[in-house]
Amino acid sequence: MDKQFTGNFADKVREAVRQIPRGKTMSYKEVAYAVGKPLASRAVANVMANNYDSTVPCHRVIRSDGKLGGYNRGGIIKKRELLLAEGCKI
DNA sequence: ATAATGACGTGAT
DNA sequence: AATCACGCCATTA
C-alpha cells in the first residue's frame, strides 16, 4: 500500500465521509466543520484527492457552490452519475 | 523551518 | 452570471 495521509486529521475526515448516508451529499466545508476545523475545507479536499478507500463515499463530497469538485475514480462524470443514481439533486 | 501544492470558500470586479 | 484575487489548512519536498 502506498503511504496514506499520515495524520489524525485525514482519518477523521475519512470517517466523517464514511457516515454520509446514501442519497445525501456534504460540502468540503461541511466535512471540515464536522471534524472540528470549519476552515480546513482545503485540507479536506487534499485528503479526498489522496484517498482511494472504497469504503469512503468520497463522491458524496461536493463543493459548496453546487459544483462537483473532482473525482479520482473516473472523473467528475462518474461522480455525477453516482450521485444521480443515488437520487441526489445536483 | 520555509516554500509549494491542491477534489475549497468568499468577496470583489 | 462568470472570473479574479486572496485567505485557509494539512501534507510533502
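Quick note on labels: first sequence line is chain A, next is B, and so on, each numbered from 1.
Residue A:R63 places at least one side-chain N or O under 4.0 Å from the OP1 or OP2 atom of B:dG9.
Of the candidates B:dT10, B:dA7, C:dC9, C:dC9 carries the atom nearest the A:A40 side chain, counting heavy atoms from C-beta on.
Two residues are said to be in side-chain contact when any heavy atoms from C-beta on lie closer than 4.5 Å; A:R14 and A:T55 fail this criterion.
Between A:N50 atom CG and C:dT11 atom C1' the separation is 8 Å, expressed in whole Å. Taking atom CZ of residue A:R14 and atom C1' of nucleotide C:dA10, one finds them 13 Å apart after rounding to whole Å. Atom CG in A:L39 sits roughly 10 Å away from atom P in B:dT10 (whole-Å rounding). Atom NZ of A:K29 is separated from atom C1' of B:dT10 by 9 Å (rounded to the nearest Å). The distance between atom NZ of A:K67 and atom C1' of C:dA1, rounded to the nearest whole Å, is 9 Å. Rounded to an integer number of Å, the gap from OH of A:Y33 to P of B:dT10 is 14 Å. One can place CG of A:D65 at 13 Å from P of C:dT3, the figure rounded to the nearest angstrom. Spacing between atom CZ of A:F9 and atom P of C:dT12 amounts to 13 Å, rounded to whole angstrom units.
Summarising the local packing, CD of A:Q19 is surrounded by more than 12 heavy atoms from other residues, nucleotides or ligands at distances under 6.0 Å.
Within a heavy-atom distance below 4.0 Å of DNA chain B, the residues of residues 72-90 of chain A found are A:N72, A:K79.
In summary, A:D65 and A:R63 engage in a salt bridge, as defined by a charged side-chain N under 4.0 Å from a carboxylate O.
Summary of the strand contacts: A:N46 and A:I62 both lie near DNA chain B, and taking for each the nucleotide with the nearest heavy atom, the more 5' one is attributed to A:N46.
For the atom pair NZ (A:K89) and CG (A:L83), the distance works out to 13.0 Å, reported to the nearest 0.5 Å.
With A:R60 as reference, A:I20 is the one residue of A:I20, A:V31, A:L82, A:V17 to meet the side-chain contact (heavy atoms from CB on, under 4.5 Å) rule.
Side-chain atoms of A:N72 come within 3.5 Å of backbone atoms of A:N51 as a donor-acceptor pair (strictly under, hydrogens ignored). For the pair A:K79 (side chain) and A:L68 (backbone), a donor-acceptor distance under 3.5 Å is present.
The base of B:dA7 sits within donor-acceptor range of the side chain of A:Y28, with an N or O pair under 3.5 Å.
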